[in-house]
Amino acid sequence: MPAIENLGAASRTSPIFSPEEVTVIFVLGGPGAGKGTQCSNLVTDYGFEHLSAGDLLREEQNRPGSEFGEMIKTYIKEGTIVPMEVTIQLLENAMKAAMEKDGRKMFLIDGFPRKLDQAHAFERSVVPSKFTLFFDCPEDIMEKRLLNRGKTSGRADDNIESIKKRFRTFVETSMPVVKEFESQGRVVKVDATRSPEEVYQDVKEKIKAWGVEPINLKFVPA
Ligand code: ADP
Ligand code: C5P
Ligand code: MG
């Protein structure tokens, strides 16, 4: 990727895709709320392309020769939000790659937007989202899940110090995004405290109201 000031995606003034052609659903929730888990279910049943902003940032961090690697590493460890230009460019590149590879035009964008500037810039310059799927979960439950995940994840931020910082960033920086979308009637809120199966059942019912249906339904024989 080019230098940060030359990343084009965040500076355009009109979207490159139209929402009639490209569907984007943002997936938000605190760290450990179960976003990745539920996105995997949705990929299987609905044919979405799943793009996790955190995964894309970790990939870029580990890419040999990346000029953003060290910066990303610091932000992730501190649980703070990487400058939006980088994340939006990574998302745009991944969307284009998926469209070129298999023509997929339905995206779950997981863990993004985590800050109001990201929300505004993405919808202005890439495509407006259809709605936001918000997984609501209290910190004590998320903390247990993350510490458990940390036993095997190998993630630099699944430790109690980073987790506390991530919770703070979530409350101070990311919740305002959810609140703004909520005030626009664009949030589907799901109670994420239950079992993964119960949460998924609720997700399916709620997104149906937005016209999002499993792909296999289209092929049920008459
Ligand atoms: P996120 O992407 O929101 O950070 P993950 O999907 O990675 O969250 O889930 C965090 C951890 O909690 C993982 O170890 C996952 O297996 C587990 N997990 C996910 N959903 C649930 C759930 N509903 N109940 C219990 N554990 C869960
Ligand atoms: O979503 P995930 O937990 O994988 O994100 C890990 C980290 O990546 C965040 O704590 C944050 O430092 C960074 N991130 C970001 N901007 C995003 C998503 C993730 O800076 N939109
Ligand atoms: Mg995740």
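Below, all heavy atoms of this structure are taken into account, side chains as well, without hydrogens, waters or symmetry copies. Note that the numbering runs from 1 along the sequence shown for the chain. First listed ligand is number 1; within each ligand, the first listed atom is number 1.
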Inset, instruction - Can you see which heavy atom on Arg114 is nearest to which on Ser174, and at what distance? - result: O-OG, 2.9 Å
Inset, instruction - Number the atoms of ligand 2 from 1 as they appear, then name those within less than 4.0 Å of a heavy atom of Ala53, with their elements. - result: 18 (C), 21 (N)
Legend entry - Mutual orientation of the aromatic rings belonging to Tyr46 and Tyr200 [parallel < 30°, tilted 30-60°, perpendicular > 60°]: perpendicular
Legend entry - Asp158 versus Arg166, closest heavy-atom pair with distance: OD1-NH1, 3.1 Å
Inset, instruction - Below 4.0 angstrom from a heavy atom of Arg58, which ligand 2 atoms are there? Numbered from 1 as shown, please. - result: 4 (O), 6 (C)
Legend entry - Over 12 foreign heavy atoms within 6.0 Å of NZ, Lys73: no
Legend entry - Over all atoms of both residues, closest heavy-atom pair of Val177 and Lys115: CG2-C, 3.3 Å
Legend entry - Proximity flag Gly29 to ligand 1, non-hydrogen atoms under 4.0 Å: no
Inset, instruction - Answer yes when Glu60 and Arg63 have at least one side-chain N-carboxylate O distance shorter than 4.0 Å, and no when they do not. - result: yes
Legend entry - Element-labelled atoms of ligand 2 that are located less than 4.0 Å from some non-hydrogen atom of Gly54: 4 (O), 5 (O)
Legend entry - Basic-acidic side-chain contact under 4.0 Å: Lys105, Glu20: no
Legend entry - Proximity of Leu57 to ligand 2 by residue part, where a heavy atom lies under 4.0 Å: side chain
Inset, instruction - Nearest heavy atom to atom 14 (O) of ligand 1 wins, so pick from Glu198, Arg194, Gln38, Arg149. - result: Arg149
Legend entry - Any N or O of Val199 closer than 3.5 Å to N or O of ligand 1: no
Legend entry - Which residue and heavy atom of the protein sit nearest atom 12 (O) of ligand 2, plus the separation: Thr80 O, 2.7 Å
Inset, instruction - Give me the other members of the hydrophobic cluster that Ile163 sits in, counting Ile, Leu, Val, Met, Phe, Trp and Tyr linked by side-chain heavy atoms under 4.5 Å, directly or via other members. - result: Met142, Leu146, Leu147, Ile160, Phe167
Legend entry - salt_bridge(Arg186, Glu182) N-O dist < 4.0 Å: no
Inset, instruction - Using a 4.0 Å heavy-atom threshold (strictly under), name the region of Asp110 that reaches ligand 2: side chain, backbone, both or neither. - result: neither
Inset, instruction - For atom 25 (C) of ligand 1, grab the closest protein heavy atom and report residue, atom and distance to one decimal in Å. - result: Arg145 NE, 3.5 Å
Inset, instruction - Do me a favour and list the nearest non-hydrogen protein atom to atom 1 (O) of ligand 2 with residue, atom name and distance? - result: Arg114 NH2, 2.9 Å
Inset, instruction - Considering the heavy atoms of Gly34, write down every atom of ligand 1 situated less than 4.0 Å from one of them. - result: 1 (P), 3 (O), 5 (P), 6 (O), 8 (O), 9 (O), 19 (C), 20 (N)
Inset, instruction - Describe, in one word, how the ring planes of Phe170 and Phe134 are oriented to each other, choosing from parallel (under 30°), tilted (30 to 60°) and perpendicular (over 60°). - result: parallel
Inset, instruction - List the closest protein heavy-atom neighbour of atom 2 (O) of ligand 1: residue, atom name, distance to the nearest 0.1 Å. - result: Gly36 N, 3.0 Å
Inset, instruction - Among all protein heavy atoms, pick the one closest to atom 4 (O) of ligand 1 and tell me residue, atom and distance. - result: Gly32 N, 2.9 Å
Inset, instruction - Using a strict cut-off of 4.0 Å, indicate which atoms of ligand 2 neighbour a heavy atom of Arg155. - result: 2 (P), 3 (O), 4 (O), 6 (C)
Legend entry - Approximate separation, where rounding is to 0.5 Å, of Thr23 OG1 and Arg104 CZ: 13.0 Å
Legend entry - Option nearest atom 15 (C) of ligand 1 (shortest heavy-atom distance, choices Thr37, Thr193, Asp55): Thr37
Legend entry - Numbered atoms and elements of ligand 2 in range of Tyr75, under 4.0 angstrom, heavy atoms: 12 (O)
Inset, instruction - Count the heavy atoms belonging to other residues, nucleotides or ligands that lie under 6.0 Å from CZ of Arg168, then report whether that count exceeds 12. - result: no
Inset, instruction - Give yes or no for whether the N/O distance cutoff of 3.5 Å, strictly under, is met between Pro31 and ligand 1. - result: no
Legend entry - Exercise: identify the closest heavy-atom pair between Val22 and Val127: O-CG2, 4.0 Å
Inset, instruction - Would you mind checking which non-hydrogen protein atom is closest to atom 17 (C) of ligand 2, with the distance to 0.1 Å? - result: Gly111 O, 3.4 Å
Inset, instruction - Can you sort out which atoms of ligand 2 are near Val82, meaning under 4.0 Å from one of its heavy atoms? - result: 15 (C), 20 (O)
Legend entry - Heavy-atom closest contact (Ala192 atom, Arg145 atom, distance): O-NH2, 2.9 Å
Inset, instruction - Please indicate whether any nitrogen or oxygen in Asp110 is less than 3.5 Å from any nitrogen or oxygen in ligand 1. - result: no
Inset, instruction - Under 4.0 Å, heavy atoms only, figure out whether ligand 1 is touched by the backbone of Ser195, its side chain, both or neither. - result: backbone
Legend entry - Lys35, portion touching ligand 2 at heavy-atom distance under 4.0 Å: neither
Inset, instruction - May I ask you to decide whether Lys165 forms a salt bridge with Asp157, counting only side-chain N to carboxylate O separations under 4.0 Å? - result: no
Legend entry - Shortest protein contact, atom 7 (C) of ligand 2 (heavy atom only): Ile76 CG1, 4.0 Å
Inset, instruction - Find all atoms of ligand 2 within a distance of less than 4.0 Å from any non-hydrogen atom belonging to Ile81, and give their numbers and elements. - result: 16 (N), 20 (O)
Inset, instruction - For Gln118, take its heavy atoms, then give the atoms of ligand 2 lying under 4.0 Å from any of them. - result: 16 (N), 21 (N)
